[in-house]
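Letters A, B, ... mirror the listed sequences (proteins, then strands); counts begin at 1.
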Amino acid sequence: MKLLFIHSDNFCYRLTGKTPVAEDIDHKIHKENSFKNALIVFTTVERLDAGNAGEITEAASLDIKELSEKLKPSNIVIYPYAHLSNDLGLPSSAIPILDELKSKVIVKIPEIPVYRAPFGWYKGFDVSCKGHPLSESSRHITALTVAGETKKNEIKIRENIVREVESRFFILNYDGSEIPVDLTDKNVLNNDIFAKYPSLHKFIAFEEFKIKTGAEPPSIEVMKKLELADHEENSDSGHLRFYPKGTLMFKLISDWAEDIALKKLNCMEIETPLIYNWNKPEIRGQGESFHERHYSVMVPEDKIKDDAVPRVFAAGKEFVLRFAGDFGLFSMLKDAKISYKQLPLRFYESSKSFRYERSGELSGLRRLRAFTMPDIHSFCLNLEEGFNEYRELYRRYSDLAEAAGIEYAVVFRIVQEYYDKHKDKIVNLLAYSKKPALIETLSKMKHYWALKHEFQGIDSVSGSCQLSTVQLDVEDAKRYGINFVNEKGEKEGCIICHSSVGAIERWMYLILEEALKKEIPALPLWISITQVRIIPVSTQHTSFALKLMEQLSSSNIRVDIDDRDFSMGKKIMFAEEEWIPYILVVGEKEKNTGMLSVRNRYKARKTFNMTMEDLINEMKEQTKDMPFRSLMLPEMLSKRPTFAG
RNA sequence: GCCGGUGUGGCUCAGGGGUAGAGCAGCUGAUUCGUAAUCAGCAGGUCGUAGGUUCGAUUCCUAUCGCCGGCUCCA
């Protein structure tokens with residue numbers, strides 16, 4: 001519905017003829033009429049209004065009331081006026097909607113007479129506008145704006161609830177002891193308890209007290225130097241391109257996340273669309289809680305066939321690029337038939353998400369507009385099963401953090417009554433990861449979860465960023481319409497464990513940052529791009545080098561050969577600049593003795609003499625249970641292009 | 001988005017009102033080397049982009065974009 005308001009000193013109209021859709025004039029409606037000090041409401045009923053007439057006339061009548069209170073007109077005239085829209089409603093629905101609007105206005109504003117001009121007649125009119133700032137205005141009311149208003153009110157109500165919730169912070173050790181911390185006082189950072197827990201200290205300083213070093217995280221430069229990733233200038237800010245080495249690293253971490261989901265937890269893997277209909281209230285509702293920081297996808301208007309007409313985007317057909325992982329899954333499960341006998345059900349999906357972060361918020365691999373999130377959701381029978389799933393997920397994510405060798409702090413947020421009842425379960429989790437945690441207890445349920453935790457990764461400049469999270473959702477399944485049928489044959493909402501290992505890009509960020517904390521930066525062996533670099537002393541030894549490469553490759557080790565015409569010293573320099581963990585210099589000596597000369601980055605770059613078998617065993621020991629992928633680059637360095645650095 | 005910083009060949013940087021210079025990487029040739037840089041030659045840039053001032057701008061001014069940091073926000 002479109003409304004054009006004019007506050008008029010004098011307004012008069014007269015009917016001049018019938019249109020084909022003219023309504024019969026009942027005796028109460030005059031062929032001619034004039035008003036003084038009137039609020040004229042030129043009104044167009046649009047096609048889509050019929051479906052939500054009640055809500056739309058309600059919203060429109062509220063607008064008229066609001067305006068009347070300010071303008072204090074002597075009359076209100078609802079004037080059917082088809083020319084405000086090119087998407088008109090059928091007369092058969094428009095007339096009742098106008099009447100409904102009129103009666104709602106009468107109820108809301110009993111003190112002012114309300115008229116309605118005839119529908120479907122040619123009319124002449126004279127209008128004089130008062131010309132003060134409020135005397136002209138317009139409104140467009142649709143099902144969506146109505147839904148948006150409702151949503152905004154819900155958000156406001158929610159914000160008020162959030163404000164009422166009281167938080168209490170303390171540190172819970174894995175022996176069950178609680179150490180209170182006062183987060184209003186910076187001096188708590190000097191507390192002795194933090195001497196033992198530096199990661200927790202860094203997290204609290206950064207996140208709660210906003211103590212920042214202002215230094216640039218070195219991984220931003222290093223990701224380019226190591227030819228891992230860089231910004232793509234032909235895309236939007238916050239979108240990276242990954243070079244072959246970065247892609248390998250990305251895939252190794254993804255493989256590990258996938259192993260957890262598919263091999264360790266036996267999830268069902270799914271794949272759902274990247275774009276969703278922005279006109280669906282459930283999608284839009286989520287979008288608003290994300291502060292509408294989404295990418296829109298417009299599609300061309302179908303009807304325009306003539307290529308000479310500049311492209312027009314279809315009205316009412318707007319899509320959003322997914323900004324979270326659960327749209328597709330929840331939509332899928334809403335339609336699924338689930339029995340209590342099938343629970344728990346676990347699903348895995350790894351997908352790109354897009355968020356239109358404000359430009360100043362972007363940073364290296366840590367904060368992007370496009371990032372990849374592997375998600376695991378467990379749908380559970382009851383709270384007990386929910387806690388079991390929670391424990392399982394917590395442990396697996398903890399394993400990954402340990403395998404990646406990153407520094408992290410654990411933070412739990414729990415509704416007080418759940419903490420009181422289930423403290424032992426939390427302590428049990430902490431005992432697994434052998435870490436104390438910062439605990440925030442909430443006096444009331446603030447969000448959809450009763451319990452959640454975050455692994456907060458710590459970078460080399462004492463900043464933190466969220467990685468893995470598990471959230472125990474005790475009340476939202478009903479809202480999403482995800483139900484199972486219990487033994488009595490009744491529908492019941494699931495307990496949902498939402499979880500993610502965290503964005504792959506962030507894992508790369510923290511793995512690089514962790515490497516850069518060391519004097520000689522090095523990646524864990526399983527994630528090193530080239531694991532062994534073979535440097536032939538001269539070109540005469542290339543064939544021997546190839547033979548060694550064969551042996552190492554067949555043991556699933558990523559090897560390459562620097563066959564370029566550089567001096568040996570220079571080739572070692574290049575290998576060190578690439579952070580390659582094992583460097584083999586091969587020449588006559590090795591060929592004759594069968595012993596290898598191995599320069600080991602993990603051991604202060606010292607050189608060791610060892611057999612091939614020992615080397616392979618040493619490396620296999622370090623990469624045990626970790627994903628493997630072969631090198632995605634030419635093995636001979638002379639065949640490799642330079643991408644950056 | 002706001003505030004501050006920054007932008008010169010693939011990389012690291014120098015310079016400065018008279019249309020740019022080095023090292024490395026690249027290419028050509030020589031060299032066949034034992035644990036962080038072998039030698040020589042060649043080729044590479046409308047100095048982020050667009051306006052303005054000027055006889056003349058890469059240099060001065062304005063706007064704009066990217067990147068980095070802070071605020072805010074967040075995985």
Test item: [X] and [Y] side chains (from C-beta on) under 4.5 Å apart, heavy atoms:
X: A:H453; Y: A:V470; value: yes
X: A:L631; Y: A:D560; value: yes
X: A:D565; Y: A:T539; value: no

Have a look at [X] and say if it touches a base, only the backbone sugar-phosphate, or nothing, with a 4.0 Å heavy-atom cut-off.
X: A:P217; answer: sugar-phosphate
X: A:E590; answer: base
X: A:G569; answer: sugar-phosphate
X: A:H541; answer: nothing

Can you tell me if the side-chain N/O atoms of [X] get under 4.0 Å from OP1 or OP2 in [N]?
X: A:S567; N: B:rC33; answer: no
X: A:K570; N: B:rA25; answer: yes
X: A:S237; N: B:rG66; answer: yes
X: A:S538; N: B:rC33; answer: no

May I ask you to verify whether the side chain of A:R599 and the base of B:rA36 hold a donor-acceptor pair under 3.5 Å?
->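 Looking at the base of B:rA36, it does pair with a donor or acceptor on the side chain of A:R599 (distance under 3.5 Å).
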Can you find a donor-acceptor pair, distance only, under 3.5 Å between A:D565 side chain and B:rC33 base?
->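 Yes, a donor-acceptor pair under 3.5 Å.
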Dot-bracket pairing map - RNA chain B, Watson-Crick plus G-U, both contacts under 3.5 Å, | cross-strand | (((((((..((((....[..)))).(((((.......))))).....(((((..]....))))))))))))....
If you measure from the [atom1] atom in [N] to the same atom in [M], how many Å do you get, rounded?
N: B:rG5; M: B:rG18; atom1: P; value: 26 Å
N: B:rC60; M: B:rC73; atom1: P; value: 38 Å
N: B:rA43; M: B:rA22; atom1: P; value: 12 Å
N: B:rU58; M: B:rG9; atom1: P; value: 15 Å
N: B:rG51; M: B:rG15; atom1: C1'; value: 26 Å
N: B:rU59; M: B:rG16; atom1: C1'; value: 6 Å

Does B:rG17 sit syn or anti, given that only angles within 90° of 0 count as syn?
->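 Classified anti.
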Is the closest side-chain donor-acceptor distance between A:E618 and A:Y582 under 3.5 Å?
->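 A donor-acceptor contact under 3.5 Å links the two side chains.
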Distance only, no hydrogens: is a donor on one side chain within 3.5 Å (strictly under) of an acceptor on the other, for A:Y397 and A:S499?
->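 Distance-only check passes for A:Y397 and A:S499.
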Hey, which sits more toward the 5' end of RNA chain B by its nearest nucleotide, A:R601 or A:S359?
->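 By nearest-heavy-atom nucleotide position, the 5'-most residue is A:S359.
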Is A:R369 close enough and on-axis enough to A:Y356, meaning under 6.0 Å and within 45°, for cation-pi?
->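 Yes, A:R369 sits over the ring of A:Y356.
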Does NZ or CZ of A:R564 come closer than 6.0 Å to the centre of the six-membered ring of A:F574, within 45° of the ring's axis?
->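 Yes; both conditions hold, so A:R564 lies above the ring face of A:F574.
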Could you write nucleotides 70-75 of chain B as a row of B, S and -, 5' to 3', where a protein heavy atom under 4.0 Å of any base atom gives B, of only sugar-phosphate atoms gives S, and otherwise -?
-> BBBBBB
Minimum heavy-atom distance between A:L265 and A:R346, given as atom pair plus value |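 Heavy-atom minimum between the residues: O-NH1, 2.8 Å.
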Identify which nucleotide among B:rG34, B:rU12, B:rA25 has an atom closest to any side-chain atom of A:E588, counting heavy atoms from C-beta outward.
->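 Closest nucleotide among those given: B:rG34.
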Among B:rC33, B:rC68, B:rA36, the one nearest A:I572 by side-chain distance =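 Nearest to the side-chain atoms of A:I572, counting from C-beta on, is B:rA36.
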What class does the angle between the rings of A:Y394 and A:F412 fall in, given that below 30° is parallel, 30 to 60° is tilted and above 60° is perpendicular?
->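 Rings of A:Y394 and A:F412: parallel, under 30°.
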Describe, in one word, how the ring planes of A:Y408 and A:F455 are oriented to each other, choosing from parallel (under 30°), tilted (30 to 60°) and perpendicular (over 60°).
->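 A:Y408 vs A:F455 ring planes: tilted.
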Separation of atom CD in A:E233 from atom P in B:rG48, rounded to whole Å =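 That distance rounds to 14 Å.
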Under 6.0 Å between the ring centres of A:H294 and A:F327?
->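 No, the ring centres sit 6.0 Å or more apart.
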